[in-house]
Each structure stands twice: as C-alpha cells, then as structure tokens.
Amino acid sequence: MKNISIHSILVILTFNLFTLSAQNFYKPGYVVKHNNDTLYGRIYDGGLLMNTKTCYFKSDAFDAIQSFKADDIKAYMIGDNKRYESAKNEKGKWVFMEVLLQGELNLHYLWNAKDIEFYMHKKDQRRVPLINMLVPKPIPFDHPTATAPIYHSSGENYRNFELRLYRDSLYQLLDSCKAILPELYDLEYHKKYLMQISKNYLSETCMDANCISYEKDLRKIRDRFGLFTGITEKEYTIIIPAEVDIHGNIILPQIDIFTPVTTLPIGLFCSIPLSVFSDRLFFQPEFIYARTNYSSTVLTDRGLQNLSLNKQALKLPLLLKYQLSFFKFKPSIAAGWELGYILNFEVPITDGLQKERFLEPVRRIAQAEIAYPISTKMDVFVRAKIYGKQKEPEEPKLLERAPRTDFYYDKAKIKASFHVGITF
C-alpha cells in the first residue's frame, strides 16, 4: 500500500508540473516575413530537432497555431537567445539555420549537417560554407601559415600542408585583419571558438557601435556539475535462521528483525543538456559513496542479540531530468535507474567473515528537485529521491558458511533519500 501511495503521488506531481508548464513550450517571439513585416506572438521551442524544421507560431490576437517552413518566412526569434534565419544549404534545400552572431560579420549554425555545420558571411555578401574536411594544400613560404606543421616539402618555393578547409575559408574571409591570422590555423570547429574569432575580427576592424546586433549566449545551455550530501532512510531485514536438531526438527523458529538505519551519502553529478530535443531536458549521471555503520542490541526469545553492520557502497544513478522555470526557482522532475556496487559488507559472524564484493540489483528511482540561482553560474538545490521495488537478489555469497545460530543481513529497503547541494 505504501508503494502504491508513493507512486500515485509521483504521478499526480508529474502531471501537475507538466500542466502548469505547458505554456513554457511556447515562448514570446516574432516572425519576420519576406516583405519584412513582423508578427509578434508566441513560438514553440522544440529544441534543435524541431526548430530547424518548422516554426510553430501562435499570434497574440488568435489562438490558432500557424506553421512556417524555411521558404515561407525570412527569420524568427524565440525569447532573447534563439534566432533562426531561412537559407539554402549546400544541396539547395531551404532550411532554418541558427544565428550565432549577427552584424557586420555573421555566423550561422546548421544542426545535423555533418561536414558543413557552420556558415559565415560579411554583411550584404555571399554566405560561405565552412567545410570541415582535411585536404593537402600547397602554400607559399611567405604565407601566414608557413609556421604550421610540415608533412613534406614540394618544390623550391612551396611547402605541402594538410589543411582543414574551414580554416582556409576563414583566411579568405578574414584576411583583411592581419592581427588575427595566426589564430586561424589552430582554430577548432566549434561554436565557442568560431564565435570568439569572429568577435576578435570585429573588434579589430569595426569601429561602429553596432558591429554586433545579436549574439547567442552559449553559457545559458551548457554542461553543469554539482556536489551534494544528505540523508538516506533505509530498513534492513536481519534474519536469524531457525535452529534445528539432528533430525531436522525446528527447535527455535527463524526470526526476522526489521531495523531502520540512516546513512549520510555524498556524491557528485553532471547535467548534460539534450538541446537537440529541448533546452529543459538533461541526462544526469551521478556518483554516490555511502557508508553505513550500525550497532544495536535486540531482545528476542533467544535472549539478547548484538546486531552490528558496516557497509560501504558505490551508487550510480542514471537519470533523465526535465527542468521547469517559475519566477526565479527551477523545479525539476527526473526518473531513471540506479546501479549499485558493494565495496565492503561486514556481517557479525564470530570469525569476522565478510561478504564478497558484488553488484546490487538495479532499482528504479524518481526524483523531485527545486533549485534557486544565487549567481549566473551557481545554483543551490534541495531534492528528494523515491525508490521503486528492488529485484530480489540471489543468496549472498559468503567466504564460509556461518553456523546456524549466527544471523546475517539481507537486502536493504530504501524508503527515501533527501539531498542538499550546489550546482556550478
């Protein structure tokens, strides 16, 4: 009954959170038509997978949803950090490209385009694809790349290099700025570095205050790391086996003792945004170390029994997390599985024997969390984990079999775990 109640509460909580956040999928934005007319309203934010294919627009005046393909409109904007422009890719197909930088120099990103993900062009000039391919290219000695790695020489006045084509394209585009040319041929094919070299170019060549009219903030969607600690409430089943005589008759029945135990886990995690689907969706692996020390004396029909427990375990929860946003708070829900590995499990056998190291059965987990940003790069949070039913483990292996009168420890039933932590 307790498990049913917990799961019912979780289902109701999940449903309410998604209902309250339904409007979060539609964010304030606008659509720019080919004649430069602008329509203001709300636009569906479905991650790169959806945003690069179709723009779903809901007008402020009408509830009807309009859908626009790349050849239907000129551009659209979601919130203050997502802008898309329609353009033709290298195959001549109309697509929505994400704008990373706009102004006197423009940098666009095309998701899932393999060797041609980035395009660059100066204002009012032709868009140039930055092709990420490695080719041999002869370059004169006096060329700015003459200090690049040499693979072999060819002729008196030339050296042969293996060169990434996107770096050569950047040289052709930005050759008017001699100050940044040495940086071009060590540049990585990545949003962060291409945006930085573009801004470096503009800072050297553009004196206008409006050199950059729009810049995507990459810091808003990034991998985040965190630390936490807390308490975990468990219930151990301690089994004292039945005593039998030489004929197999039971003298004293088996005794099952249920005892609550509190442990103090510590852990770290990484939240990896799955921005292909949604900026609110994360894959979150965690690493937890938990140590349990327990000692007690229990009165049974066999007299006083000294119970003790020393257990060390590593836990690896793998969660899929969905984050919401209400005012400054960031509530989230998550679900997944937890793997466990017991490093040490001492049992109270007279000879001091202990269990071998072994994997614990996988269990399902659900999590509810609320975070509060204390700076642009740091959040504090509290959360609760709820654990599903664990698969029955096989009989624990012992280095030796204990006498019948000795007791041993069965699996632990985790009631709940509560954590506090910080995210960077």
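Every heavy atom of this structure was used, including side-chain atoms; hydrogens, water molecules and symmetry mates were not.
Looking at heavy atoms from C-beta onward, Arg222 lies out of side-chain contact with Lys192 at the 4.5 angstrom threshold. In this structure, the side chains of Phe282 and Arg224 stay at 4.5 Å or more apart for every pair of heavy atoms. At a threshold of 4.5 Å between non-hydrogen side-chain atoms, the residues Asn81 and Lys216 count as touching. Taking 4.5 Å as the limit, some side-chain heavy atom of Leu130 sits within range of a side-chain heavy atom of Leu170. Here the side chains of Leu184 and Ile197 are in contact, with some heavy-atom distance below 4.5 Å. When side chains are defined from C-beta on, Leu39 does not count as touching Ser59, because their heavy atoms never get closer than 4.5 Å. Side-chain contact between Val382 and Phe418 is absent, with no heavy atoms from C-beta onward closer than 4.5 Å. Residues Tyr387 and Ile365 form a side-chain contact, since some pair of their non-hydrogen atoms from C-beta on lies under 4.5 Å apart.
Shortest non-hydrogen contact noted between Tyr193 and Leu187 is O-CD1, 3.7 Å. Minimum interatomic distance between Pro265 and Thr229 (heavy atoms only, all atoms of both residues): O-OG1, 2.9 Å. Closest approach of His34 and Asp71 over heavy atoms only: NE2-O, 3.1 Å. Considering every non-hydrogen atom in both Tyr201 and Cys177, the closest pair reads CD1-CB, 3.6 Å. Of all the heavy atoms in Tyr214 and Arg83, the pair that sits closest is OH-N, 3.6 Å. Across Lys69 and Asp72, no two heavy atoms sit closer than the pair N-OD2, 2.8 Å.
Remark: Lys122 engages no residue in a salt bridge (Lys or Arg N to Asp or Glu O under 4.0 Å) (not counting sequence neighbours). In this view, Lys191 and Glu98 satisfy the salt bridge (Lys or Arg N to Asp or Glu O under 4.0 Å) rule, not counting sequence neighbours. Judged as a salt bridge (Lys or Arg N to Asp or Glu O under 4.0 Å), and not counting sequence neighbours, Asp223 has no contacts. In this structure Tyr76 satisfies the side-chain hydrogen bond (donor to acceptor under 3.5 Å, both in side chains) test with no other residue, sequence neighbours excluded.
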### Task
Show your working on side-chain contact (heavy atoms from CB on, under 4.5 Å) between Thr205 and Leu105 and close with a plain yes or no.
CA-CA 11 Å; Thr205 60; Leu105 185 66; over 6 Å; no
### Audit row: Lys385, Glu338, salt bridge (Lys or Arg N to Asp or Glu O under 4.0 Å) steps and yes/no
CA-CA 11 Å; Lys385 276 187 168 67; Glu338 181 180 87; over 6 Å; no
### Task
Could you go through the side-chain contact (heavy atoms from CB on, under 4.5 Å) check for Ile131 and Ser169 one step at a time?
CA-CA 8 Å; Ile131 304 174; Ser169 298; 6.0 Å; no
### Message
Applying side-chain contact (heavy atoms from CB on, under 4.5 Å) to Leu100 and Leu194, what does each step give before you reach the verdict?
### Response
CA-CA 9 Å; Leu100 302 180; Leu194 290 172; over 6 Å; no
### Query
Between Phe228 and Thr423, does a side-chain contact (heavy atoms from CB on, under 4.5 Å) hold up when you go through it step by step?
CA-CA 9 Å; Phe228 62 88; Thr423 305; over 6 Å; no
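Within 6.0 Å of atom NZ in Lys220, more than 12 heavy atoms from other residues, nucleotides or ligands are found, so the atom counts as buried in its surroundings. Summarising the local packing, CH2 of Trp337 is surrounded by 12 or fewer heavy atoms from other residues, nucleotides or ligands at distances under 6.0 Å.
Phe96 CZ to Thr54 OG1: the interatomic distance, rounded to the nearest 0.5 Å, is 7.5 Å. Atom CG of Leu101 and atom CG of Asn106 lie 7.0 Å apart (nearest 0.5 Å). Here the OH atom belonging to Tyr289 is positioned 11.5 Å from the CG atom belonging to Leu264, to the nearest 0.5 angstrom. Rounding to the nearest 0.5 Å places CG of Asn51 at 5.5 Å from NZ of Lys82. Rounding to the nearest 0.5 Å places CD1 of Ile288 at 7.5 Å from OG1 of Thr232. From Glu369, atom CD reaches atom NE2 of His419 across 10.5 Å, with rounding to the nearest 0.5 Å.
For residues 109-119, every residue pair satisfying the side chain to side chain donor-acceptor pair (under 3.5 Å) rule, not counting sequence neighbours, is listed here: Glu90-Tyr119.
In this structure, His108 and His121 have perpendicular ring planes: the angle between them is above 60°, well past the 30° mark. The aromatic rings of Tyr44 and Tyr56 lie perpendicular to each other, with more than 60° between the two planes, well past the 30° mark.
The cationic atom of Arg164 (NZ for Lys, CZ for Arg) does not lie both less than 6.0 Å from the six-membered ring centre of Tyr189 and within 45° of the ring axis.
Side-chain polar atoms of Gln196 and Asn200 form a donor-acceptor pair below 3.5 angstrom.
Remark: the backbone N or O of Thr263 is not paired with any side-chain donor or acceptor of Thr292 at under 3.5 angstrom.
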Check residues 268-278 and write down every donor-acceptor pair under 3.5 Å in which the side-chain atom is one partner and the other belongs to a residue at least two apart or another chain.
| unit_1 | atom_1 | unit_2 | atom_2 | d |
| --- | --- | --- | --- | --- |
| Ser271 | OG | Gln284 | OE1 | 2.5 |
| Ser278 | OG | Arg280 | N | 3.1 |

